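Note that the structure is predicted; figures quoted are calculated from it, not measured. Index from 1, following the sequence.
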Amino acid sequence: MKRVITSEYPDDVRTDVSETYVCARCQAAVEREFEVRSIIKTCDECGENGRFLHRSLVESLSEIATENRPAGWEQMTLDERFEAALKEGLITITRK
């Protein structure tokens with residue numbers, strides 16, 4: 001089953017809500033007052049500089065059926081899973 005991820009605010013900066021982003025390496029979470037697909041920052045937990053995915057993307061990745069996941073899924077970081085899922089057509093990103 002292909003997951004479609006729709007973001008109502010992919011390019012807008014909003015200051016009235018708090019959004020959660022998850023470190024692709026260690027899965028530590030940070031809050032920001034805007035909604036984008038991902039941010040790049042140094043993680044306070046693991047010290048790695050890299051991508052933090054919006055929690056909705058992380059949730060979509062976890063919903064991909066085990067039998068549909070590419071080989072090596074468990075060893076991939078979250079951003080590698082995201083890229084593999086896009087490449088394999090397991091998820092699609094759209095705008096409202």
Side-chain angles (χ1 to χ4, degrees):
M1 178 173 128
K2 181 187 250 186
R3 299 269 309 144
V4 177
I5 301 167
T6 303
S7 179
E8 187 173 349
Y9 305 98
D11 300 319
D12 296 343
V13 175
R14 301 180 308 161
T15 58
D16 59 337
V17 297
S18 181
E19 298 292 331
T20 304
Y21 296 87
V22 181
C23 176
R25 303 279 177 209
C26 72
Q27 300 187 17
V30 296
E31 299 290 320
R32 295 292 185 265
E33 292 182 347
F34 50 81
E35 182 183 18
V36 292
R37 290 184 190 125
S38 66
I39 58 175
I40 304 294
K41 72 176 277 331
T42 300
C43 180
D44 294 334
E45 296 297 319
C46 69
E48 292 287 328
N49 186 35
R51 188 182 298 178
F52 279 64
L53 297 176
H54 190 274
R55 67 173 161 63
S56 64
L57 296 177
V58 176
E59 290 166 1
S60 293
L61 292 174
S62 67
E63 293 172 3
I64 296 173
T66 304
E67 63 271 10
N68 294 334
R69 295 175 179 174
W73 183 265
E74 294 304 319
Q75 290 75 37
M76 294 178 188
T77 61
L78 289 177
D79 55 344
E80 292 169 335
R81 289 178 184 179
F82 176 66
E83 291 174 17
L86 280 174
K87 183 178 178 181
E88 297 287 325
L90 300 171
I91 59 173
T92 302
I93 306 273
T94 63
R95 290 186 189 198
K96 274 190 178 175

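- Under the side chain to side chain contact (heavy atoms under 4.5 Å, CB included) criterion, Arg55 pairs with Glu19, Thr20, Glu59, sequence neighbours left out.
- Here the straight-line distance linking atom CZ of Phe52 with atom CZ of Arg25 works out to 11.0 Å at 0.5 Å rounding.
- For Glu83, the side chain to side chain contact (heavy atoms under 4.5 Å, CB included) partners at least two apart in sequence or on another chain are Arg51.
- Nearest approach of Met76 to Pro70, heavy atoms of both residues: CE-CB, 4.4 Å.
- Remark: Leu90 CG to Asn68 CG distance equals 6.0 Å, nearest 0.5 Å.
- Between the CD atom in Gln27 and the CG atom in Leu78 there is a gap of 4.5 Å [rounded to 0.5 Å].
- Taking the six-membered ring where tryptophan is involved, the planes of Tyr21 and Phe34 are tilted, since the angle between them lies from 30° to 60°.
- Taking SG from Cys23 and CD from Glu48, the interatomic distance works out to 7.5 Å, rounded to the nearest 0.5 Å.
- Residues satisfying the side chain to side chain contact (heavy atoms under 4.5 Å, CB included) criterion with Gln75, sequence neighbours excluded, are absent altogether.
- Every residue meeting the side-chain hydrogen bond (donor to acceptor under 3.5 Å, both in side chains) condition with Asn49, not counting sequence neighbours, appears here in chain and number order: Thr42.
- With rounding to the nearest 0.5 angstrom, the CG atom of Leu57 is 11.5 Å from the CG atom of Asp79.
- Residues satisfying the salt bridge (Lys or Arg N to Asp or Glu O under 4.0 Å) criterion with Glu31, sequence neighbours excluded, are absent altogether.
- Under the side-chain hydrogen bond (donor to acceptor under 3.5 Å, both in side chains) criterion, Glu80 pairs with Thr77, sequence neighbours left out.
- For Leu86, the side chain to side chain contact (heavy atoms under 4.5 Å, CB included) partners two or more places apart in sequence, or in a different chain, are Phe82, Ile91, Ile93.
- Residues Arg69 and Arg81 are not in side-chain contact: their nearest non-hydrogen atoms beyond the backbone lie 4.5 Å or more apart.
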- Task: Apply side chain to side chain contact (heavy atoms under 4.5 Å, CB included) to Trp73 and Thr66, showing your working.
- Result: CA-CA 9 Å; Trp73 183 265; Thr66 304; over 6 Å; no
